[in-house]
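Structure record follows, encoded as structure tokens.
On a predicted model such as this, the values are computed, not experimentally measured, just so you know.
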Amino acid sequence: VGPPVFTSDRLYEVTPPGIAMGLAWTSMGGASLYVESILESLLTSSSKAGLQRTGHLGDVMKESTTIAYTYAKAFMHKTFPENRFFEHAKLHLHCPEGAVPKDGPSAGITMTTSLLSLALDHPVEATVAMTGELTLTGKVLKIGGLREKAVAAKRSGITTIIFPKGNESDWEELPANIKDGLTGISADWYSDVFKVIFASVDEKKAKHLW
Amino acid sequence: VGPPVFTSDRLYEVTPPGIAMGLAWTSMGGASLYVESILESLLTSSSKAGLQRTGHLGDVMKESTTIAYTYAKAFMHKTFPENRFFEHAKLHLHCPEGAVPKDGPSAGITMTTSLLSLALDHPVEATVAMTGELTLTGKVLKIGGLREKAVAAKRSGITTIIFPKGNESDWEELPANIKDGLTGISADWYSDVFKVIFASVDEKKAKHLW
Amino acid sequence: VGPPVFTSDRLYEVTPPGIAMGLAWTSMGGASLYVESILESLLTSSSKAGLQRTGHLGDVMKESTTIAYTYAKAFMHKTFPENRFFEHAKLHLHCPEGAVPKDGPSAGITMTTSLLSLALDHPVEATVAMTGELTLTGKVLKIGGLREKAVAAKRSGITTIIFPKGNESDWEELPANIKDGLTGISADWYSDVFKVIFASVDEKKAKHLW
């Protein structure tokens, strides 16, 4: 009862557009992994599109940002063709904390969500976390450490966790005390993620934002 | 009882706009860490924006400058939209001394303050030092070595130290002899830092500086 | 008594504009360290400004050239705003001898002097040598090896040596036989160096040179 008890894993109690919470798997267990995207300069009809990334990212994770950026652009073009955000947005994607080395592909759907949240000017619900590798066509691939990630998610006050369809059996096998209070949603394609996160986007508004 | 006794840790007795004092944590203890920003060339309507950095910075600290630069631009755009400084400023950020290798994310708020001080043409009070990692959205993250940094700050004639909200318990635990003569201010967001440093900025002037 | 006996440490008996003598500290003792700056191409209203550097410089010393270049531009803009030299000068800075690896920040004021000498078309007196790290705001920082550098300066026929204010106690402690015949001038800011080197600059001429 009362407000949730947040630990230091949670940076944001309310997440502005552009922020999404992922989950990392380390030798120390699971941990929250925020992805932050913001506009690096004013969006104008003459500003030049691009993506800069920081956060002590390893090579695989750097490629993940590239895949997420390509996919997000393609997704927007297909779903909201009138939204021209990515044509002129000079973006900066960062994963705090800067001193912690990070690698691996499993933040793919989190990065994509962060970029789309900014493009749609729509915040991600602060109680949702997600983990999953993304392919260029939007397929969500299996990840490791779901158990540790679920524990970290709960510790961070998360109530909904999105994971790859390929991890469904891992989810089934989780003990009840971990799953208790946590809604698990599996995603086969990024569109499954989108439906959960951006269910309440006003399509008319989204099309004419930028 | 007379002016403070400055040791070699203090480079500036009066800090011109663009200079901010941070605090480093080394194997030898704490130390002052200045961040200097200046215009590399004349600011004109056709000069090209950019940021050059020097000071024997490691990869994490280089990323810190990038984050500080993006954040400072976004902050100015939101807070002083009429101030066009960053649209045309060719900047150079340096951390003396050049032979000392430096790394880590904890100069984030100091770098941002240095850049904003230049953009607002407003000097930072020479008796204030600060330490804190910054995220892209302006969240101030916990740092290490607050005790050693507080000792270094006092040695440098500092009377006000700004640190992350996440370090509040570290601050509480500091012995009275260290805290004596030192006002500690915790910051959860960069806006908390801004309020302390730039309280006396003339908003009208700031908007029409550049 | 006759003319001074020059050793191989001295490259120039008369130094053209753009040349300044610094002092290095090596495992073999002190040594003269020339900094040479010249225009890489004809200076015209359409030539593009820039700085190329050579001389087997290590990373710290490369950063030193960058700092010297930024500072020299800012200094000229402030002191001789009518002089447009740096807006169009494509420069090349070299430190002979090319086979000798060089590093460290202590040639900062020498590099700045070399660049200003060229911009003002004013030669540096051949009997003056200098050593000191420079910050972006023009502060001159303490260096190592003043004793060895003073010995090298004398060996090279130098009669005036400029060193950082932070090394004043080192200077005081030098034995009389080293200081004999050598005038030591300490500098807290680059403006102190400027006053010594460029005392006889014709300000009117300097403003309208380029």
Side-chain angles (χ1 to χ4, degrees), chain B residues 6-21 31-44 46-48 50-59 61-62 65 89-103 111 114-115 117-118 121 123-124 126, chain C residues 25 48-51 57-78 80-89 102-109 111 132-145 164-170 188-190:
Chain B
F6 291 145
T7 76
S8 60
D9 258 27
R10 169 165 289 282
L11 292 186
Y12 296 97
E13 304 199 9
V14 175
T15 43
I19 314 294
M21 196 207 256
S32 68
L33 171 80
Y34 281 96
V35 178
E36 308 178 334
S37 298
I38 76 165
L39 273 169
E40 211 188 308
S41 60
L42 190 58
L43 187 72
T44 67
S46 66
S47 56
K48 217 183 151 191
L51 178 67
Q52 175 164 236
R53 58 217 84 192
T54 51
H56 212 330
L57 311 182
D59 286 346
M61 200 157 169
K62 273 185 194 152
T65 64
K90 192 172 163 65
L91 297 163
H92 185 156
L93 182 153
H94 175 59
C95 300
E97 312 169 10
V100 180
K102 305 167 195 79
D103 210 353
M111 290 167 169
S114 162
L115 292 170
S117 163
L118 197 64
D121 195 28
V124 180
Chain C
W25 184 28
K48 218 184 151 192
L51 178 67
L57 311 181
D59 286 346
V60 170
M61 200 157 170
K62 273 184 195 153
E63 287 201 339
S64 249
T65 64
T66 305
I67 295 160
Y69 184 45
T70 296
Y71 179 77
K73 286 188 285 185
F75 184 90
M76 284 300 286
H77 179 60
K78 193 176 146 199
F80 300 103
E82 291 89 346
N83 181 313
R84 318 292 288 270
F85 179 76
F86 285 115
E87 289 174 38
H88 294 290
K102 306 167 194 78
D103 209 354
S106 75
I109 62 172
M111 290 167 169
E133 175 173 351
L134 191 70
T135 82
L136 272 188
T137 61
K139 187 84 185 170
V140 180
L141 301 186
K142 200 175 173 178
I143 50 80
K165 191 174 167 62
N167 290 96
E168 276 180 351
S169 60
D170 297 332
D188 194 16
W189 295 90
Y190 186 78

Query raised in the report: Which pair of heavy atoms, one from C/Leu134 and one from B/His94, lies closest together, and at what distance?
Result: O-NE2, 4.4 Å
**Report entry** Residues which pass ring-ring contact (aromatic ring centres under 6.0 Å, His included) with C/Tyr71, listed by chain and number, not counting sequence neighbours
**Finding:** C/Phe75, C/Tyr190
Query raised in the report: Side chains of B/His56 and C/Asp59: closer than 4.5 Å at any heavy-atom pair?
Result: no
**Report entry** Pairwise side-chain contact, C/Thr137 with B/Leu11, heavy-atom cut-off 4.5 Å (strictly under)
**Finding:** no
Report task. Please state whether the side chain, the backbone, both or neither of C/Leu141 comes within less than 4.5 Å of a heavy atom of chain B. Result -> side chain
Report task. Would you confirm whether C/Glu63, through its side chain, and B/Gly98, through its main-chain N or O, come within 3.5 Å as a donor-acceptor pair? Result -> no
Nearest-0.5 Å distance that lies between atom [atom1] in [X] and atom [atom2] in [Y]:
| X | Y | atom1 | atom2 | answer |
| --- | --- | --- | --- | --- |
| B/Ile38 | C/Thr135 | CD1 | OG1 | 8.5 Å |
| B/Glu40 | C/Thr70 | CD | OG1 | 4.0 Å |
| C/Thr66 | B/His92 | OG1 | NE2 | 6.5 Å |

Query raised in the report: What part of B/Ile19 lies closer than 4.5 angstrom to a heavy atom of chain C: side chain, backbone, both or neither?
Result: side chain
Query raised in the report: Considering residues at least two apart in sequence or located in another chain, which fulfil the salt bridge (charged side-chain N to carboxylate O under 4.0 Å, His left out) criterion with B/Arg53?
Result: none
Query raised in the report: chain C: which of B/Leu93, B/Leu42, B/Leu39 shares the most heavy-atom pairs with it under 4.5 Å?
Result: B/Leu42
